[in-house]
Amino acid sequence: MKYRSIKGTKDILPGEVEAWQHVEGSVRRVMQRFNYHEIRTPVFETTALFSRSIGELTDIVTKEMYTFRDRSDESVTLKPEGTASVLRAYIQNNIGEQASLTKLYYIGPMFRQERPQAGRLRQFHQYGAEALGSQSPALDAEMMIITLEIYRALGITDTMLKVNSVGCQRCRPRYKDLLIDHLKKIASQLTPDSQSRIQNNPLRVLDSKDEGDQRRLRDVPLMKDFLCRECSEHFVEVLSLLDEGGIPHQIDGKLVRGLDYYTKTAFEITSSALGSQDALAGGGRYDLLVEELGGKPTPGVGFAAGIERLIMVLKKKELLPSAFRGPRLYIVSADKNARRWTFQRSMELRRHGIAVEIDYLERSVKAQMREANRMACELVLIVGERELSSGSGTIKNMTSGMESSVALSQLESLFT
RNA sequence: GUGGCCAUAGUUCAGUUGGUUAGAACGCCAGGUUGUGGCCCUGGAGGUCGUGGGUUCAAAUCCCACUGGUCACCCCA
């Protein structure tokens with residue numbers, strides 16, 4: 001084969017798209033209920049936007065971005081996540097000046113140049129939301145609830161919500177020192193990966209998947225126990241909002257997200273129906289990020305969720321609707337004359353909003369019938385010399401097999 | 001970036017210890033009524049056996065390389 005899709009990219013074919021429409025529909029309905037407004041940003045941005053917001057030392061920035069120079073030698077990057085673009089648009093368009101609180105959501109493709117595997121592609125799709133302008137713990141809780149609400153609307157109720165607080169500029173540095181001290185003591189027993197992280201990203205040592213590491217990390221100090229007063233109060237409030245709302249969740253003191261911009265709340269939702277890549281969604285608060293990107297100091301909180309992974313779960317749980325709908329009417333042409341008539345008549349019917357299909361391959365009546373059956377048409381009308389001269393024909397119901405006669409000029413009335 | 005597994009018709013796969021024109025099922029096309037589908041029957045089209053080397057009298061089958069897919073690690077959606 002001469003041309004193939006790029007590694008890690010996929011065609012979403014008919015038969016599969018229905019699942020996507022199903023998911024997107026639920027996302028839009030739920031977002032609307034919570035009064036979030038859709039925003040669509042470009043698929044690519046200036047590279048610096050991402051390296052600055054996501055963090056220079058993160059995996060995404062150091063080894064996963066699709067970055068290239070365009071013809072005017074500007075470094076551009078296909079967006080690896082949604083938040084940075086949304087915030088850039090928020091700042092650039094002075095959206096914060098028009099209202100004190102802004103609630104936005106998006107659905108779109110993201111790009112990360114990683115080795116593909118189950119649940120991971122180079123072009124994948126996310127939906128997500130951002131609430132800018134308030135420090136209220138209510139919004140932190142709302143993000144988690146929206147995420148779960150979308151899953152509930154789709155029939156998924158057995159996800160796992162993990163919550164943590166990663167502190168702020170005031171309390172995190174103090175904790176980091178403490179953590180590094182502790183890690184240094186046990187460094188020799190940790191995996192090389194973890195050892196090298198002690199210096200440049202100590203927090204990430206915590207979520208090492210290595211069992212040996214985890215055993216040695218059992219009594220490591222956790223951020224949530226060293227929060228400043230403000231962060232602590234915020235965290236407690238988020239948790240009690242979840243409790244009062246009856247939202248099942250688990251506090252995970254070792255939960256660290258792969259993006260540097262989080263402050264206070266961080267959360268993640270996983271599904272046991274997935275393989276090794278089991279995170280369905282993740283999010284958190286980022287109170288410093290808008291300012292970091294050149295906007296006025298504005299607190300924010302958001303989340304992002306993967307569509308491919310969600311569809312994997314829906315498939316596994318057989319929660320996808322099998323509603324394949326064929327055209328309502330198939331007009332079979334018995335001869336060449338009829339074919340011309342059929343073409344024109346089908347156009348009129350379509351103009352009236354009726355889904356009609358006809359034959360384009362000059363096939364036999366039998367073959368046309370088979371085709372109508374294959375595409376699950378509701379009704380079939382056969383038109384030939386007889387029908388054209390008499391002005392009436394027989395309509396066959398393809399599920400019951402019953403036939404009845406209709407005037408060719410009255411076909412519309414069959415569908416009222 | 002590292003590693004495991006895989007690579008035969010449109011699809012899912014079979015292919016005996018290397019040995020004659022590479023098979024099945026489903027799908028597709030046509031016929032079994034002279035203008036009627038689904039079920040059934042018959043026939044047909046469709047394959048450089050991923051690509052390139054090598055071993056051999058002989059390779060889909062053995063060896064090497066490459067490419068692609070897939071799963072896992074790292075990390076994440």
Side-chain angles (χ1 to χ4, degrees), chain A residues 1-10 13 15 54 57-64 79-83 107-128 147 191-194 196-197 201 204 207-210 213 255-259 268-271 274-283 303-313 326 330-335 338-339 359 361 363-388 393-403:
Chain A
M1 200 169 310
K2 193 164 180 188
Y3 299 112
R4 311 187 90 268
S5 56
I6 303 281
K7 184 201 282 290
T9 67
K10 276 210 158 48
L13 304 171
I54 297 168
L57 293 176
T58 58
D59 283 2
I60 293 178
V61 173
T62 55
K63 54 182 197 192
E64 296 170 4
K79 58 183 173 189
E81 59 105 41
T83 303
I107 303 180
M110 308 293 163
F111 307 82
R112 281 155 39 183
Q113 190 163 6
E114 296 177 88
R115 193 80 161 259
Q117 75 182 74
R120 173 194 292 157
L121 292 168
R122 247 110 113 137
Q123 176 176 344
F124 58 103
H125 299 76
Q126 290 185 328
Y127 56 84
T147 316
T191 55
D193 263 350
S194 293
S196 66
R197 283 202 193 100
N201 209 336
R204 291 265 297 290
D207 67 355
S208 166
K209 271 188 189 168
D210 187 83
D213 277 3
L255 174 67
V256 179
R257 314 239 56 247
L259 306 114
E268 189 169 284
I269 293 174
T270 57
S271 166
L274 291 171
S276 167
Q277 310 302 318
D278 65 349
L280 266 179
F303 80 92
I307 298 183
E308 282 84 355
R309 289 185 189 177
L310 173 51
I311 289 175
M312 284 170 78
V313 173
Y330 191 105
I331 310 181
V332 172
S333 316
D335 57 56
R339 193 156 251 119
D359 171 68
L361 299 171
R363 295 203 281 193
S364 67
V365 169
K366 185 190 179 123
Q368 292 180 55
M369 288 297 295
R370 224 185 296 124
E371 186 66 14
N373 179 246
R374 196 192 345 253
M375 55 178 66
C377 284
E378 208 176 301
L379 302 171
V380 169
L381 170 70
I382 300 181
V383 179
E385 205 177 340
R386 286 208 296 273
E387 287 76 9
L388 292 184
T394 342
I395 272 280
K396 180 167 186 169
N397 181 306
M398 294 297 274
T399 36
S400 66
M402 301 279 278
E403 301 193 346

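Letters go in sequence order (proteins before strands), and every chain restarts at 1. Every heavy atom of this structure was used, including side-chain atoms; hydrogens, water molecules and symmetry mates were not. In this text the structure is predicted, and so the values were computed from the model without any measurement.
Atom pair A:M375:CE and B:C28:C1' shows a separation of 14 Å (rounding to whole Å applied). Here B:G37 presents its P atom at 10 Å from CD of A:E403, a figure rounded to the nearest Å. At whole-Å resolution of the value, CE in A:M369 and C1' in B:U33 are 14 Å apart. If you measure from atom CG of A:D335 to atom P of B:G35, you get 10 Å, rounded to the nearest angstrom. To the nearest angstrom, P of B:U2 lies 13 Å from CD of A:Q113. Regarding A:M312, its CE atom lies at a distance of 11 Å from the P atom of B:U70, rounded to whole Å. One atom, CD1 of A:I331, and another, C1' of B:G35, lie 16 Å apart when rounded to the nearest Å.
Note that CE of A:M369 and CD1 of A:I382 are 5.0 Å apart. Values are rounded to the nearest 0.5 Å. The distance from the CZ atom of A:R257 to the OG1 atom of A:T58 is 12.5 Å, given to the nearest 0.5 Å. Interatomic distance, A:S271 OG to A:Q277 CD, rounded to the nearest 0.5 Å: 13.0 Å. Here CE of A:M312 is found 9.5 Å from CD of A:E308. Values are rounded to the nearest 0.5 Å.
One cannot find a donor-acceptor pair under 3.5 Å joining the base of B:U36 and the side-chain atoms of A:Q368.
For A:Q368 (side chain) and A:S333 (main-chain N/O), a donor-acceptor pair under 3.5 Å exists by modelled atom type. Put simply, the side chain of A:E268 never gets that close to the backbone of A:A279: no donor and acceptor are under 3.5 Å apart.
The C1' atoms of B:G32 and B:A24 are separated by 24 Å, rounded to the nearest whole Å. As rounded to the nearest Å, B:U11 and B:C75 have C1' atoms that lie 35 Å from one another. B:A60 sits 13 Å from B:U48 when the P atoms are compared, rounded to a whole Å. Remark: the separation of the P atoms in B:A7 and B:G15 is 11 Å, to the nearest Å. Of the C1' atoms belonging to B:G3 and B:A22, the separation is 34 Å, rounded to the nearest Å. A gap of 32 Å separates the P atoms of B:C6 and B:G46, to the nearest Å. B:U8 and B:C62 have their P atoms separated by 14 Å, given to the nearest Å. Separating the P atom of B:A25 from that of B:A45 is a span of 15 Å, rounded to the nearest Å.
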Between the protein and nucleotides 67-69 of chain B, list the N/O to N/O atom pairs that are separated by less than 3.5 angstrom.
unit_1 : atom_1 : unit_2 : atom_2 : d
B:G69  : OP2    : A:K7   : NZ     : 3.0

Kindly give the atom pairs (protein nitrogen or oxygen, nucleotide nitrogen or oxygen) under 3.5 Å for nucleotides 5-8 of chain B.
none

Could you go through nucleotides 74-77 of chain B and list every protein N or O atom that sits under 3.5 Å from one of its N or O atoms, giving the distance for each pair?
unit_1 : atom_1 : unit_2 : atom_2 : d
B:C74  : O3'    : A:R197 : NH2    : 2.7
B:C74  : N4     : A:Q117 : OE1    : 3.3
B:C74  : N4     : A:R120 : NH1    : 2.5
B:C74  : N4     : A:R120 : NH2    : 2.4
B:C75  : OP1    : A:R197 : NE     : 3.4
B:C75  : OP1    : A:R197 : NH1    : 2.5
B:C75  : OP1    : A:R197 : NH2    : 2.0
B:C75  : O4'    : A:D59  : OD2    : 3.2
B:C75  : O2     : A:R120 : NH2    : 2.3
B:C75  : N3     : A:R120 : NH2    : 2.7
B:C75  : N3     : A:Q277 : OE1    : 3.1
B:C75  : N4     : A:K209 : NZ     : 2.8
B:C75  : N4     : A:Q277 : OE1    : 3.3
B:C75  : N4     : A:Q277 : NE2    : 3.1
B:C76  : OP1    : A:G258 : N      : 2.9
B:C76  : O3'    : A:R112 : NH2    : 3.1
B:C76  : O2'    : A:R112 : NH2    : 2.4
B:C76  : O2     : A:R309 : NH1    : 3.1
B:C76  : O2     : A:R309 : NH2    : 2.7
B:C76  : N3     : A:Q277 : OE1    : 3.0
B:A77  : OP2    : A:R257 : NH1    : 3.2
B:A77  : OP2    : A:R257 : NH2    : 2.2
B:A77  : O4'    : A:Q126 : NE2    : 2.6
B:A77  : O3'    : A:A279 : O      : 2.9
B:A77  : O3'    : A:L280 : O      : 3.3
B:A77  : O3'    : A:A281 : N      : 3.1
B:A77  : O2'    : A:A279 : O      : 3.1
B:A77  : O2'    : A:L280 : O      : 3.2
B:A77  : O2'    : A:G306 : N      : 3.2
B:A77  : N7     : A:R112 : NH2    : 3.2
B:A77  : N6     : A:E114 : OE2    : 3.1
B:A77  : N1     : A:L121 : N      : 3.2

Which pairs, protein N/O on one side and nucleotides 38-45 of chain B N/O on the other, fall under 3.5 Å?
unit_1 : atom_1 : unit_2 : atom_2 : d
B:G38  : O4'    : A:N373 : OD1    : 3.2

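A:V332 is not listed as a side-chain neighbour of A:D359, based on a closest heavy-atom distance of 4.5 Å or more. Residues A:L379 and A:Y330 have side chains not in contact (no heavy-atom distance under 4.5 Å, counting atoms from C-beta outward). Using a 4.5 Å heavy-atom threshold, the side chains of A:Q126 and A:I307 count as separate. Put simply, the side chain of A:T399 does not reach to within 4.5 Å of the side chain of A:E378, judged on heavy atoms. Side-chain contact between A:T394 and A:L381 is absent, with no heavy-atom pair separated by less than 4.5 Å.
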Cut-off 3.5 Å, no hydrogens considered: what does the side-chain donor-acceptor table look like for residues 108-117 of chain A, sequence neighbours left out?
unit_1 : atom_1 : unit_2 : atom_2 : d
A:R112 : NH1    : A:P80  : O      : 2.6
A:Q117 : OE1    : A:R120 : NH1    : 3.4

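Both distances falling under 3.5 Å, in either a Watson-Crick or a G-U wobble arrangement, place B:G1 opposite B:C73. Pairing for B:U42 is with B:A30, a Watson-Crick or G-U wobble pair whose two hydrogen-bonding atom distances lie under 3.5 Å. With a cut-off of 3.5 Å on both pairing distances, the Watson-Crick or G-U wobble partner of B:G50 is B:C66. The partner of B:A58 is absent, by the rule that a Watson-Crick or G-U pair needs both atom distances under 3.5 Å. B:A25 and B:U11 make up a base pair, with Watson-Crick or G-U wobble contacts both under 3.5 Å.
Listed by chain and residue number, nothing satisfies the side-chain hydrogen bond (donor to acceptor under 3.5 Å, both in side chains) test with A:D278 (two or more places apart in sequence, or in another chain).
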Is there a side chain to side chain contact (heavy atoms under 4.5 Å, CB included) between A:E64 and A:D59 once you walk through the steps? CA-CA 7 Å; A:E64 296 170 4; A:D59 283 2; 3.8 Å; yes
